[in-house]
Structures are given as C-alpha cells and as structure tokens.
Amino acid sequence: MVPSWHALLRRGGLRMMFALPRPGALMPPTLDTLDQTIAWRALCGARESLTRSQASVYREGPLRLTASGWTSDIPASDDARELLDNLAPLAMHPGRLALAQLGQSLDGRIATESGHSHYINGLESRTHLHRLRALVDAVVVGAGTASEDDPLLTVRHVSGRQPVRVILDPRGRVPTTIRLLSEAQAPCLHLVGEQVDTAQPAADHVIRLRLPAGTGGFAPAAVLDALAARGLQRVLIEGGGITVSRFLEAGVLDRLHLLVAPLLIGSGRPGLAMTPIATLDQARRPVARTFRCGDDTLFDLDLTRT
C-alpha cells in the first residue's frame, strides 16, 4: 500500500501529515526553572504553531518566543538559555527558510583525502544537527554525499518529527541500494535530471521528480522553488561541501551553521570551495554569532545581513 505522504507530495503538500501539539501541552503544570528539555519541546511547539497559524509570537507557559528572540517569566538554565538563543530565530522564522550546515576542522576540512569524516565533530555538534533536521521540512544532500556516506538523515539524537529527505542526483548516479532509497524511516524525494533513465521503479517511500539540469547540476533556486511548491518551505542543505558551496554562491541561503572542531587535519576535502576572489574586499563578512557545542564551536552566520 502506498503511504499517505506519497499522495501528498504529488499534490504539493506535506504539512497535514504531522500532528501538531495542543496549546499548553508542552509545559508541566508547575515549573520553577526552564531546563533544556523543556526549552527544546517549546521550540518544536513553536515551529509547529508557526506552520499552522503563521503567528509572530509563540507563548507556552512562562516562555515567549519570537523571530528576534525569547523571554521567560522564570529562570532558565545555562543550557536552556543557549539553546533558545541559538534556535529561536530558526523555529520562529516566517515563510521560506534556506539553511546550510557544515562540520569541519580548524583548517576547514570536512574529510580526509580518502573521504573519512566520522567523526570530525563531537556528539554535541551531531545533536545540534539533529535539532536542525527536526526544525525543517526537508533535508538536502548531493549525490556524492548520498552515495559515499550513505546517511539516513533522520532525527535520532533528540525528539522531533522526521523531515523529508531529498537527494540531488542530476545524472542519476546514486545506487538504489543506499539507505535513503531503500529504508523507509522517512519520505525521500529523489531529484533527477530530465534526461535521466529511471526505468527501475522506486520504493514506495520514494518519489522521483525531474528537474532541468545544466553542466553544473540543478540550479539551487530551482531546487528550493520545487520543494516549496510541495509544501517543503523550510530546507536544510546538509552536504556535502560542494553542494553547500553551490547554494551559498548562488545567494539563496539565509543562514549557514559552521561547526568547527578543535582538530587539524592538514589535508583533505575542503568545506567550502567557491569561485576564487582577487581581493579581500570581495569576501563575505556576514553577521555572526558563536555558541559552544561541547568541544566544538558553532558559528551561526546570518547571510541576509552583512
């Protein structure tokens, strides 16, 4: 039997498949201190409330969230405060959102020359990535990452809903044996070029969608438009470095999260690889915030502001 989300994707919407929390259901009846667990539940509730009503303010017990920040009528633990400072702008972001993330070493490498990358970043950074997945509608990876890393792209380290998993495969080179295409933990949208031969049928949890592709692959803006047309407005570009670089250079990203580990690799695959510039006045200097992620440092870059 074809899953219900399958028809929803074809009709252009997925939101109705997710249960929304009841107002007031997230906070315990008595609360003296806001801890990280409660803060995360509130962020998930705010995300779903915004999906449902597009309200600019989310209130849950003593906590008030907006796109510019949060306030609480009771004290918050340090972990809860940092989590809310970091993710409230994402959870409450109105309309479409394009976010990218990369985990890298101090010298800007995301893997060794052989492709080994597990794990550059620590558990706290991987938990942060899973929080990002839970706050978006879709998670996007390129064909290389899908084939070489064979990721699941599901939410496992925290509670939260599963995003639609998206593979950018303009040449149709991703094998059908990878877990994204063979394991049905969450829906998968397989984007292929218009001229790709897809004679082999897709699994029930997979939808194939054809898009125009040039020599450099899909146009990043066209990918985001195609996803938004199917109700997937909040998108995380998770990797790899080439895919993130193309979306960044196309100017379609709102934010970039760089998770930097205290590690020197010295060689290997770079995180960002963009068109060379001649002088530093051509370099981008976005507004940046920093947060601790265990031993790693998270740089939250607002690409809409310089």
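What you see is a predicted model, and the numbers here were worked out from it, not measured in a lab.
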- Message: Hydrophobic clusters here meaning ILVMFWY residues chained together by side-chain heavy-atom distances under 4.5 Å, can you tell me if Leu236 and Leu152 are in one?
- Response: no

- Message: Tell me whether the count of non-hydrogen atoms from other residues, nucleotides or ligands lying under 6.0 Å of CG in Asp35 goes above 12.
- Response: yes

- Message: Do Phe247 and Val223 make a side-chain contact, defined as non-hydrogen atoms from C-beta onward lying under 4.5 Å apart?
- Response: yes

- Same cluster for Leu298 and Ile110 if Ile/Leu/Val/Met/Phe/Trp/Tyr side chains link at under 4.5 Å? no

- Query: Given side chains that start at C-beta, do those of Arg246 and Pro220 come closer than 4.5 Å, heavy atoms only?
  - Reply: yes

- Query: Yes or no on salt bridge (charged side-chain N to carboxylate O under 4.0 Å, His left out) for Arg41 and Glu60, after CA distance, side-chain angles and deciding distance?
  - Reply: CA-CA 10 Å; Arg41 290 179 190 170; Glu60 188 66 48; over 6 Å; no

- Please name the pair of heavy atoms, one in Ser105 and one in Val260, separated by the smallest distance, quoted to 0.1 Å. O-CG1, 3.8 Å

- Query: So among Leu227, Val166, Leu191, which one has a side chain to side chain contact (heavy atoms under 4.5 Å, CB included) with Leu209?
  - Reply: Leu191

- Query: Under a 4.5 Å side-chain heavy-atom rule over Ile, Leu, Val, Met, Phe, Trp and Tyr, are Val196 and Val140 clustered together?
  - Reply: no

- Item | Non-hydrogen side-chain atoms of Leu87 and Leu135 separated by less than 4.5 Å | yes

- Return yes if some donor-acceptor pair links the side-chain N/O of Gln104 with the main-chain N/O of Leu258 below 3.5 Å, else return no. no

- Message: side-chain contact (heavy atoms from CB on, under 4.5 Å) for Phe291 and Asp85? Distances and angles first, verdict last.
- Response: CA-CA 9 Å; Phe291 299 91; Asp85 286 345; 3.8 Å; yes

- Item | Closest contact, heavy atoms only, Arg255 versus Pro89 | NH1-CB, 4.4 Å

- Message: Rounded to the nearest 0.5 Å, what separates atom CG in Leu65 from atom OG in Ser68?
- Response: 10.0 Å

- Message: Treating Arg234 as the side-chain partner and Pro94 as the backbone partner, does any N or O pair qualify as donor plus acceptor under 3.5 Å?
- Response: no

- Message: Quick check on Asp281: does its CG atom have over 12 non-hydrogen neighbours (other residues, nucleotides or ligands) under 6.0 Å away?
- Response: yes

- Gln233 side chain to Gly95 main-chain N or O, any donor-acceptor pair under 3.5 Å? no

- Query: Is there a path from Met274 to Leu253 through hydrophobic residues (I, L, V, M, F, W, Y) whose side chains come within less than 4.5 Å of each other?
  - Reply: yes

- Could Arg131 and Trp40 be counted as a cation-pi pair, given that NZ or CZ must be under 6.0 Å from the ring centre and within 45° of the axis? yes

- Ser49 side chain vs Gly45 backbone, donor-acceptor pair below 3.5 Å: no

- Going through the distances and angles, do Leu99 and Val235 end up as a side-chain contact (heavy atoms from CB on, under 4.5 Å)? CA-CA 6 Å; Leu99 162 73; Val235 179; over 6 Å; no

- Query: What distance separates Asp300 CG from Asn86 CG, expressed to the nearest 0.5 Å?
  - Reply: 6.0 Å

- Item | Side chains of His157 and His128, donor plus acceptor under 3.5 Å | no

- How far apart are the C-alpha atoms of Leu43 and Arg47, what are their side-chain angles, what is the distance that settles it, and do they pass the side-chain contact (heavy atoms from CB on, under 4.5 Å) test? CA-CA 6 Å; Leu43 287 166; Arg47 165 70 188 97; over 6 Å; no

- Interatomic distance, Trp70 atom CH2 to Met92 atom CE [nearest 0.5 angstrom]: 14.5 Å

- Query: Is Glu124 salt-bridged to Arg292, cutoff N-O under 4.0 Å?
  - Reply: no

- Please examine the side chains of Val136 and Leu132, heavy atoms only from C-beta on, and report whether any two atoms are closer than 4.5 Å. no

- Can Asp302 and Leu256 be said to form a side-chain contact (heavy atoms from CB on, under 4.5 Å), step by step? CA-CA 7 Å; Asp302 185 347; Leu256 172 63; over 6 Å; no

- Message: Give me the atom names and distance for the closest heavy-atom approach of Asn121 to Ser125.
- Response: CB-CB, 3.6 Å

- Message: Nearest 0.5 angstrom please: Leu180 CG to Cys188 SG, how far?
- Response: 5.0 Å

- Kindly indicate whether the side chain of Leu129, heavy atoms from C-beta on, has any atom under 4.5 Å from the side chain of Thr127. no

- Task: Taking atom CG of Leu211 as the centre, report whether more than 12 heavy atoms of other residues, nucleotides or ligands fall under 6.0 Å from it.
- Result: yes

- Query: Can you tell me if CG on Leu280 sees more than 12 non-hydrogen neighbours from other groups inside 6.0 Å?
  - Reply: no

- When you look at CD of Gln195, are more than 12 heavy atoms from neighbouring residues, nucleotides or ligands closer to it than 6.0 Å? no

- Query: Which heavy atom of Ala39 sits nearest a heavy atom of Leu84, and at what distance?
  - Reply: CB-CG, 3.9 Å

- Using distance alone, with no hydrogens and no angle criterion, decide if Ser77 and Asp79 have a side-chain donor and acceptor under 3.5 Å apart. no

- Summary of side chain to side chain donor-acceptor pair (under 3.5 Å) pairs that have at least one residue in residues 209-227, sequence neighbours excluded: Arg96-Asp225, Thr198-Arg210

- May I ask you to say whether Arg284 pairs ionically with Glu249, meaning some side-chain N is under 4.0 Å from a carboxylate O? no

- Any donor-acceptor pair under 3.5 Å from Gln282 side chain to Thr279 backbone: yes

- Query: Taking atom OG of Ser114 and atom CZ of Arg269, what is their separation to the nearest 0.5 Å?
  - Reply: 7.5 Å

- Message: Keeping His130 on the side-chain end and Arg156 on the backbone end, is there a donor-acceptor pair under 3.5 Å?
- Response: yes

- Under 3.5 Å donor-acceptor, Asp296 side chain and Leu259 backbone: no

- Message: A quick test of your reading: do over 12 heavy atoms of other residues, nucleotides or ligands sit less than 6.0 Å from CZ of Arg171?
- Response: no

- Over all heavy atoms of both residues, which pair between Leu97 and His93 is shortest? Give the atoms and the distance, please. CB-CD2, 3.6 Å

- Does any N or O in the side chain of Arg109 come within less than 3.5 Å of the main-chain N or O of Gly268, such that one atom is a donor and the other an acceptor? yes

- Task: Report yes or no: is the cationic atom of Arg126 (NZ for Lys, CZ for Arg) under 6.0 Å from the centre of the six-membered ring of Tyr119, at an angle within 45° of the ring normal?
- Result: yes

- Nearest atoms (heavy-atom pairs only) where Ile120 meets Ala261: O-CB, 3.3 Å

- Quick one: which of Leu168, Leu181, Thr145, Val192 gives a side chain to side chain contact (heavy atoms under 4.5 Å, CB included) with Val174? Leu181

- Message: If I take atom SG from residue Cys293 and atom CG from residue Leu123, how far apart are they, to the nearest 0.5 angstrom?
- Response: 10.5 Å

- Query: Among the clusters formed by ILVMFWY side chains lying less than 4.5 Å apart, do Val141 and Ile242 turn up in the same one?
  - Reply: no

- So, does Arg165 use its side chain to make a donor-acceptor pair with the main chain of Ala186 at under 3.5 Å? yes

- Item | Pair Glu48 + Arg161, salt bridge at N-O below 4.0 Å | yes

- Under-4.0 Å salt bridge between Arg179 and Asp149: no

- Message: Tell me if a side-chain donor or acceptor on Arg230 pairs with a main-chain N or O of Ala226 at a distance below 3.5 Å.
- Response: yes

